[in-house]
Amino acid sequence: MKEASGVVDYEATPVSRGWEDRAARIASITPFVVRVGKRNQLLVKLVTEDGLHGWGESGLSGREGAVSAAIDHFASFLLGQDSRRIGRIWQECYRSQYFEGGRVLTAAISAIDIALHDVLGKRLGVPVYQLLGGRQRDVVPTFASTMATSRSELLRQCRELVQAGWDCIRIYPSNFRDDVIFDPKAGLGDVAGDLIEIRQAFGHAVTLGIDMHHRLSVAEAASFCAMLPAGTLDFLEEPIRSEAPEAYASLRTMTNIPFAVGEEFASKWAAAPFLEQGLTQYMRLDICNIGGFTEAMKVAGWSERFYIDLMPHNPLGPICTAATVHLSAAVSNFSWLETRQSPVEDLGFHDPALFPVQPVLDGPNYQIPEGPGLGVEVDEEAISGQSPAHVEAPHLRHPDGSVTNW
């Protein structure tokens with residue numbers, strides 16, 4: 001610092017941060033493919049030179065082996081790097097091959113990115129949402145799902161959810177239970193009847209949606225929408241696949257039911273046409289597939305520009321849930337977070353014996369973790385004993401023998 005003529009001139013004074021920089025370097029990145037409840041989970045543990053660790057999760061269910069191999073490859077050049085340079089690490093992972101992008105690579109990047117945020121939160125002694133600009137809400141509301149297979153059970157489960165405090169419910173079509181044959185023409189009329197009866201029973205105090213699991217054609221989806229009286233359905237989730245935004249543009253001309261699309265997106269570039277052309281009214285991004293916090297926050301900001309709320313996909317375990325809770329807490333444009341922990345579902349994904357500390361679901365709302373990092377602890381010894389099962393999604397066919405989507 002120099003002082004002349006009453007003016008203070010501050011000179012940059014280099015401060016040696018060598019030890020701190022070395023301490024923050026990545027020492028190891030380890031993927032764990034484990035069986036939790038009714039599903040395999042791909043978890044990632046990232047450890048720094050000073051012993052801090054963070055957890056991440058990949059969302060590409062059923063292809064964990066491919067994602068695990070990608071994580072191992074990324075680890076080959078990430079070891080020794082500064083774990084605090086999260087944005088730069090994201091770019092290097094994404095751009096370090098000629099054939100960049102794709103769901104396998106971005107699922108691997110997602111898990112690493114989430115773990116890096118967990119580590120940085122712990123290093124700074126703050127919850128992850130503070131790294132994202134601070135929380136904008138006090139709790140994170142959820143929507144719950146019913147997988148009931150009969151109309152009577154469907155109504156019973158909806159009633160149980162409403163009594164427990166949920167004001168947003170998603171159903172799954174009862175004719176989607178066959179793991180061999182998928183014949184939408186034979187069952188869509190009954191599904192429409194289910195929705196009509198739910199609306200009559202609960203009125204408009206409940207937001208009502210349905211997940212079509214991207215199984216329909218444009219014509220089938222349009223026909224289904226035409227079966228519903230105006231106001232029956234509040235959102236139609238993933239009616240068709242998302243590779244061709246033009247198909248959604250065509251479907252948009254045939255119905256005014258809001259779309260909920262995005263769980264298949266593996267980048268901001270995939271989300272772009274759906275936002276810019278008004279092809280989704282709820283952004284269903286999955287933080288464990290789209291690229292972790294780094295990419296999810298960009299898509300969230302882009303969605304805000306078009307007045308579109310997030311309704312994040314959250315079908316995995318406590319690490320995915322915790323990451324999505326922090327994301328949901330930190331954005332302004334948010335409606336509901338998917339939960340698979342409601343009173344009518346028992347999938348075992350959030351086993352407390354494996355995850356002794358995890359976000360708490362209080363009625364229909366997740367409490368926002370206030371501890372450093374994500375707010376998840378993993379019993380590593382316990383999960384190491386949970387051998388994954390071989391998983392292959394049903395290979396569905398139409399009644400004529402042709403292959404269709406699961």
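The model shown is predicted, which means the values in this text are computed figures rather than measured ones.
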Between [X] and [Y], does at least one N-O distance fall below 4.0 Å, as a salt bridge requires?
X    : Y    : result
R340 : E338 : yes
R22  : D50  : no
D234 : R199 : yes
E238 : R284 : no
D118 : K122 : yes
R85  : E92  : no
R88  : D82  : no

**Q.** Candidate pair T207 and W336, rule side chain to side chain contact (heavy atoms under 4.5 Å, CB included), full reasoning
**A.** CA-CA 11 Å; T207 299; W336 300 276; 3.7 Å; yes
Contact between [X] and [Y] at the side-chain level, heavy atoms closer than 4.5 Å - yes or no?
X    : Y    : answer
I240 : H214 : no
L337 : P141 : no
D167 : V206 : no
E197 : R151 : yes
D72  : S76  : no
L43  : F355 : yes
S342 : L161 : yes
R95  : E100 : no

Q. Around atom CZ of R305, are there more than 12 heavy atoms of other residues, nucleotides or ligands at under 6.0 Å?
A.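 No, because the 6.0 Å sphere around CZ of R305 holds 12 heavy atoms or fewer from other groups.
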(Q) Taking atom CH2 as the centre, does W302 end up with more than 12 heavy-atom neighbours from other residues, nucleotides or ligands that are less than 6.0 angstrom away? (A)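 Yes, because the 6.0 Å sphere around CH2 of W302 holds more than 12 heavy atoms from other groups.
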Nearest 0.5 Å please: distance from the [atom1] atom of [X] over to the [atom2] atom of [Y].
X    : Y    : atom1 : atom2 : answer
C320 : N314 : SG    : CG    : 4.5 Å
L347 : S145 : CG    : OG    : 9.5 Å
F306 : Q281 : CZ    : CD    : 12.5 Å
E237 : F143 : CD    : CZ    : 5.5 Å
R135 : Y129 : CZ    : OH    : 5.0 Å
D286 : E57  : CG    : CD    : 9.0 Å

Taking atom types as modelled, find out whether [X] and [Y] have a side-chain donor-acceptor pair closer than 3.5 angstrom.
X    : Y    : result
N289 : S110 : no
T48  : H53  : no
S242 : E264 : yes
E345 : Q341 : no
Y366 : T339 : yes

Q.
Classify the ring geometry of Y172 against H213: parallel below 30°, tilted from 30° to 60°, perpendicular beyond 60°.
A.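 If you compare the ring of Y172 with that of H213, the planes turn out perpendicular.
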Q. When the ring planes of W90 and Y94 are compared, do they come out parallel, tilted or perpendicular, using 30° and 60° as the limits?
A.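 Plane angle under 30°, so parallel.
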Q) Would V47 and L52 satisfy side chain to side chain contact (heavy atoms under 4.5 Å, CB included), going step by step from the backbone distance to the final call? A) CA-CA 6 Å; V47 182; L52 285 180; over 6 Å; no
Q: Not counting sequence neighbours, list each pair that qualifies as a side-chain hydrogen bond (donor to acceptor under 3.5 Å, both in side chains) and has a residue in residues 378-390.
A: K45-E380
Q) Is the distance between the ring centroids of Y248 and F274 under 6.0 Å? A)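 Here the rings of F274 and Y248 have centres that are less than 6.0 Å from each other.
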**Q.** Aromatic centroids of F32 and W55 separated by under 6.0 Å
**A.** yes
Q: In sequence, state the C-alpha distance, the side-chain angles, and the governing distance for I290 and S267, and then conclude on side chain to side chain contact (heavy atoms under 4.5 Å, CB included).
A: CA-CA 5 Å; I290 203 164; S267 72; 5.6 Å; no
Q.
Would S303 and N333 count as a side-chain hydrogen bond (donor to acceptor under 3.5 Å, both in side chains) here? Give the steps.
A. CA-CA 8 Å; S303 299; N333 50 322; 4.7 Å; no
Q: Considering non-hydrogen atoms only, spot the tightest contact between L233 and I210 and give its length.
A: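 So the two residues come closest at CD2-CG2, 3.7 Å.
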Q | Audit row: R35, N40, side-chain hydrogen bond (donor to acceptor under 3.5 Å, both in side chains) steps and yes/no | A | CA-CA 4 Å; R35 188 71 174 177; N40 290 343; 3.1 Å; yes
Q: Would you verify whether the NZ or CZ of K298 falls within 45 degrees of the ring axis of W269 while also being under 6.0 Å from that six-membered ring's centre?
A: no
Q.
Check whether F182 forms a cation-pi arrangement with R397 (NZ or CZ under 6.0 Å from the six-membered ring centre, at most 45° off the ring normal).
A.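 No, cation not above the ring by the 6.0 Å, 45° rule.
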Q. Could you go step by step and tell me if L154 and T146 meet the side chain to side chain contact (heavy atoms under 4.5 Å, CB included) rule?
A. CA-CA 7 Å; L154 187 61; T146 167; 3.4 Å; yes
